[in-house]
Every structure is written in C-alpha cells, then in structure tokens.
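Since the structure comes first, as structure tokens, the remarks are kept for the end.
By convention in this document, chain letters (A, B, ...) are assigned in the order of the sequence lines, proteins followed by strands, and residues within each chain are numbered from 1.
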There are 2 protein chains.
Amino acid sequence: MARRRQSVTIKHVAADAGVSLQTVSRVINKEPNVRPEMMERVQASIAKLGYVPSIAAQRMGGSRSYLILALNDRERTIADWRKREGSDWIDQMLLGGMLTCAEHGYRMIFELVDTHSDHIERELSAALAALQPDGVILTPPHSHNPLITGLLERAGIAFARIGSLKPGGGFRLTMGDEVASRDATMHLAGMGHRRIGFIAGPDDYELSAWRIEGWRWAMEAVGLGIDDLLTAGDFSYASGTAAAAQLLDAGATAIVASNDQMALAAVAEVRRRGRDVPGDISVVSFDDTPVVRFHHPPLTAVSQPIAEVTSRAVGLLIADANGETNIAPVEVKAQLVPRGSTGPLRSSN
Amino acid sequence: MARRRQSVTIKHVAADAGVSLQTVSRVINKEPNVRPEMMERVQASIAKLGYVPSIAAQRMGGSRSYLILALNDRERTIADWRKREGSDWIDQMLLGGMLTCAEHGYRMIFELVDTHSDHIERELSAALAALQPDGVILTPPHSHNPLITGLLERAGIAFARIGSLKPGGGFRLTMGDEVASRDATMHLAGMGHRRIGFIAGPDDYELSAWRIEGWRWAMEAVGLGIDDLLTAGDFSYASGTAAAAQLLDAGATAIVASNDQMALAAVAEVRRRGRDVPGDISVVSFDDTPVVRFHHPPLTAVSQPIAEVTSRAVGLLIADANGETNIAPVEVKAQLVPRGSTGPLRSSN
DNA sequence: CTGAAAGCGCTAACAC
DNA sequence: GTGTTAGCGCTTTCAG
C-alpha cells in the first residue's frame, strides 16, 4: 500500500526552469501574458523532466478535469455484452469519443447508469461527484430522461444528447433517422414493392418515432397505404419474429426493421415459411452492426455513424468549455447501404 | 466556464453529523476505531446529504485513486474498431472489469497506448501521471513488453498481465491456451482426422506459442506427425487465406486456426476450392467472437473467457491494494465449444 | 476512540 | 509579465 505521490510536480519544473509555480501553470494552460522565451524555457524543463500535470490536482485547483463522461444505459449495455450478438455500438462510441478527446488533451471515461428511477439520480450524482467531468455524453434512452438532463443542468455541467431533440438543455445530436428511414422505404418502393411493412422500435426511444415517420412519409409520397403494415417491436429478436409474422400474414413483400436483431429475426421468419430473402421478401435493417454483414445474405441496412456523432459530441463539449457557443442541433446523416437482402419485387408476388 | 466545486463535501457531512472531518474520513474509509453509534450518525448524514467523496481530492490527500486502468494496444484496437468485424474483446473486458470494479467502489478507465517504442514510455507515463490509477491491466502485446512492465515496476504501481507468463513482475493471468489447443486438436483427432493443420498467430504474442504447443502435444499424443502441418499467420484474414491454402495443398483434412478471422478465411478458402465445411474439411477457431456464431455453419471454437479473466485481474489488483498477497499465476480456462464446422473424417478423404 | 494541524499538486486572485 | 498568497477536499500525521 505504498502511498504514491506524483514523482515530478510543477514545483520541480519551476525550480528547474528558475521561474515561479504560477508561470509554469500559465504555460501548461496556454494562458496569454507569458514571454515567449519564458515559455520555451518552461516547456524545455517540462519535456526534460517528463512532467505531466496531475488531473486530480488540476481539478482541485479549480480548473477543468479534462474528463468527458460517456453515459450508457446499464441494463441494456450489460445485456448486449452478455448476449454477445456482435453489437459494436459501444466500440464505435469509444472509437469516435476517445480519439477526439485525445486530440484535445481530454480523456473519455465510459460509465453505465441505470435508467430505473430509484437509482438514477443517486448513481449519476455519485459519478459526477467522484469524477467531476467537464462534460457528459448521453445516449438513448438517457438522452431524453428529464431526471438526468435536469440534474445535469442544475449541476451546471455541459452535456450532449445523442438521439434526442426534446427540450431539456444540452447539445442535441441526431443521425437523420427520419430521412434514413424514408430512403430505406424509397429504396424498396423503387424496386417495385408496394406492401412495405415496418417494425417499429420501443416507444421510449425518440428515434423509434422518427423512423416510423420516415417510413410513413415515403409510403405517402409514392401513394401507398400503410393500413396494417406498421408493427411494434422492442429491439429484441423475439419481438422481430412476432412482428415479421404479422407483416407476412398481412401480405408484405418487404420489411423495414428498426434494428438489426429484428431484421435478422424477420429473415428467419421468412425462411421458416419456406420463402426466400430477397427472392420473395426484401428486408432492410437499422444500425448495421457487424453481424449484418456476416449474415447470408448480407443485409441492406441503414448504417449509423456512431463514431462520428460521438466525436462531434465531444467536439461540442470541448468547444463549450472553451467558451465557444453553439446551440443548433447537429445532424450526422446515417447512410443506406444496399446489400443482398433487398431485391426487385417478384412478379409472382 | 463556471468553476464548479463539489456541492457537498466532507465538511458539510461533519457539520451535519456534529463530528470532526477526521471522523467522517474514517467512516468513509471504513477504518477501525470508530464507535458504532458515531459511524451510524455519520452514515446517516452522508445518505441524507447525498455525499460522495471526490476522487480527485481523495487522491490529493494521498490515498487511493480508486481507479483501475485497462490498457490496450492502440493500433490494433483502433484497427479492429474501424474494420467492424465484430470482435468484442474490448466489450468483454469492460463487462468483466467494470462490474468487478463497481463491486469494490472502484472505477475502470479504458485507455489505448501505442506499442511503438518511441511513444510508449512517454504515453504511459503521461497516463499514469494524469490518472494515477491504483492498478493497471495489461493485455497482449503490452503484457510482456518490458518497457511497460519495467516502467510500472519502477513506478511501484500494481499491474496485472493477461496472456503472459514471462518474468517481469505483476500478476499473471492466462486462459489455458495450451490445454485448449490440445482439446481442439483431440476433438478433431477423435473424429478420425489425422492430417490436422495448424495456423499459428504472430510471434509477438506469447499465446501463439502456447497454442502451437498444445496442438503439437496432442498430435504427438495420438501418434500423428506434424511435418508440414504448421503454418504461420498474423491474425489477419489475409494471412488465414494463405495459410489455409498451404495446409490444403499439404492434404490437411482439418484446420485449427489461432483466431476467428483466420478460421473464417480458412473456411472461405476451402469453399473456393469447391470443397465443403465440415463435410470435407473441419475447422476450429480460437476466440469465439460473435461473428463465429453467426457464420454458416457456426464455427467450433475455443471460447476465451475475457470477461472473467479481466474480472479476476481487477480482483487481484484490489486485493493487492488491500494488502493481501497473491503471486501464483491465475488460470481461467478457455472452453472448446463444438459447433457445426467440425465433423467426422469423410472416408473418401 | 476522536480532534486539530499540516500538506498533497495545482490554480485563482491579487500583488508587484 | 511575473511572483505571492490562499485554498480546493481530503488524508495523513500527531495530540488528546
């Protein structure tokens, strides 16, 4: 239990460079009003001694913590990890977030918090008090949870909300779900499909509604009815199976599913009925996690730019910490990637 | 740029409970020599005020940081994330690591550092100085990099090395690669295969040698020669293709590949030659990332218990911080999971 | 068993 | 421009 202390501190640098602590501090924080020669001298000492500021001490001194907290839903994330279904949402967040943080001298810390309201405020407060991050990134369903956004606002901590446009403060980032859903539907309509079913995501995700909206928009645009072609899902494989069965019963020749697992389930259901994808039925999925590309056939999917949107979120947070202002919602567009699960309507249909 | 300070500090708790700062500190740190009634009173105040200690301040005061740093190879990790091939190594590390950290009031921070020697010491020192973790978890190839282990030892920071048994201090954790490789080979031999080829991993991973050893051991045990059946790979798909071609040319009827990507490549190569898996050729892979289960057929694979081994690593680190001693290497055994890519030797072979 | 003092490494505020 | 002072929230001495 050796009590380790910082080996080389600002004091050593100051002594080595023959200046005051404060001057070193100024150099570290790139403050103005330091003569260039002083600055060089200090930086030489820093490099020579291999000095790196202690983020704990910086925080104690009242400055930034240089920490960005990425928050995800505990229950869902752990379930995904345990299932090992190949979702790489978290990996992509880390990819975009960590790299952009690193570019600005920040670090990203990844944490899980429950959505369940008993814990949520306590847990979040604990994470904030313990870590004291300069900014927080929220993903659905946290990003539109008023308990969370409210707490963050009261605490005066900058935050970015991915996948939410509801009021509640913070920066809003989206991935153009409505347009993407419309594109997916148009892609199918363009191949001659007229009975294009939709499997929705759970209500507690704002993007579920956006995706429905895009589909509805497209169906109307090409003059198709949507009567019994909208079904409910909850992002689970099982719900995808049920919804697909319903749509096939209703005579759908194409299906847009609000996530990969439900799309995979839909393909399986089509085959269970002795029919073929894309020969008889076309399927499009949302998210485009890796499993979709290893599937046979690879699924046509809406690819979500998670890494990019997380990177943008980090950028907004850091810009904010630097006093730059930006309130307009940011949209990083998802892309439809046509693959083997969609094809022309078969004339026999 | 509001300069946020801790909203409720140890002072508030002390005032509320009518005790000294020190007593509160003792309660927080579960130190002995506090009367139960005092303790209860303090804990009541803590709960009431929702107090959570600032980890920065704790660190400043000279105690632990309650941070465990998980270090991975930057280049390889980022490449994996970019490729989106569905590897969930990182996810499984987070799963095992974060949950176990949380159980003990710790937090896990995930970082990437380059293996390239120019940066490595600087980068690692920077991360250590900035974060001041109580423990570090190393994965291959970092876990047997003397630059890293040496630096950590000199700094007096506890560390755990996953996938390495080389000397160099720290706790050592392995996943029984040799035994797993032997089991995989025996599984094939048990199905009648006699020409069982092996695709090795890169030399700079200790586990590459262990896996070769297990295969060699099994081949000898059942009296089979290994002459031209050992090929080199580097964990990449391309290298798997080349190695598989070589093995098939040599008349192998079964292949053990040192990771999933190379196994997938092997299956593809078999098919490219108009032959079938497992009808003509059996394939076993190492790692068992999700993609393997979504493949057709699902691959028989050695499933690596990443989550469990990371959890154990965290446990060792925390136990060490608590003054408990433990030097023996820990082995969390990988399991062979038989699936559809292996079958009996076809008589026509 | 509990309290008061000093100090961790750094920054903000104020002087010079 | 640069140095000095005080203090962040906590833990470690060391008294009582």
From [options], pick the nucleotide closest to the side chain of [X]?
X     : options              : result
A:S25 : D:dC8, C:dT11, D:dG3 : C:dT11
B:N29 : D:dT11, C:dC1, D:dT2 : D:dT11
A:T9  : C:dG9, D:dG1, D:dT11 : C:dG9
A:Q22 : C:dA13, D:dG9, C:dG9 : C:dA13
A:N33 : D:dG3, D:dC10, D:dG1 : D:dG1

Exercise for the section: Run the numbers on A:N72 and A:L112 for side-chain contact (heavy atoms from CB on, under 4.5 Å), then give the verdict. Expected result: CA-CA 5 Å; A:N72 277 267; A:L112 303 175; 4.0 Å; yes
Whole angstrom value for the distance that separates [atom2] of [N] from [atom1] of [X]:
X      : N      : atom1 : atom2 : value
B:Q132 : D:dT11 : CD    : P     : 15 Å
B:K11  : D:dG9  : NZ    : C1'   : 8 Å
A:L131 : D:dG9  : CG    : P     : 17 Å
B:R64  : D:dC10 : CZ    : P     : 17 Å
A:L21  : D:dA6  : CG    : P     : 15 Å
B:M60  : C:dA6  : CE    : P     : 18 Å
B:I46  : D:dC10 : CD1   : C1'   : 13 Å
A:I28  : C:dC10 : CD1   : P     : 6 Å

Handout entry: B:V314 vs B:I137, side-chain contact (heavy atoms from CB on, under 4.5 Å): CA-CA, chis, key distance, verdict
Key = CA-CA 8 Å; B:V314 168; B:I137 297 178; 3.7 Å; yes
Problem - Distance-only donor-acceptor test, A:R26 side-chain atoms vs C:dT11 base atoms, 3.5 Å - result: no
Handout entry: Under-3.5 Å donor-acceptor pair between B:R59 side chain and C:dG9 base
Key = no
Sugar-phosphate only, base, or nothing, as touched by [X] at under 4.0 Å among non-hydrogen atoms:
X     : answer
A:P53 : sugar-phosphate
B:V24 : nothing
A:Q58 : sugar-phosphate

Practice task
Indicate whether OP1 or OP2 belonging to D:dG3 is found under 4.0 Å from a side-chain N or O atom of A:T23.
Solution key: yes
Practice task
Ignoring backbone atoms, test whether A:Y66 places a side-chain nitrogen or oxygen under 4.0 Å from the OP1 or OP2 oxygen of C:dC10.
Solution key: no
Problem - First of B:A57 and B:V34 reached from the 5' end of DNA chain C, by closest nucleotide - result: B:V34
Handout entry: Donor on one side chain, acceptor on other, B:S65 and B:Q132, under 3.5 Å
Key = no
Exercise for the section: Using distance alone, with no hydrogens and no angle criterion, decide if B:N145 and B:R161 have a side-chain donor and acceptor under 3.5 Å apart. Expected result: no
Handout entry: Donor-acceptor contact present, side-chain B:S311 to main-chain B:A307, <3.5 Å
Key = no
Practice task
Identify, between B:A56 and B:E31, the residue whose nearest nucleotide on DNA chain D lies closer to the 5' end.
Solution key: B:A56
Exercise for the section: On the 0 to 90° scale, with breaks at 30° and 60°, tag the B:Y66-B:Y106 ring pair as parallel, tilted or perpendicular. Expected result: perpendicular
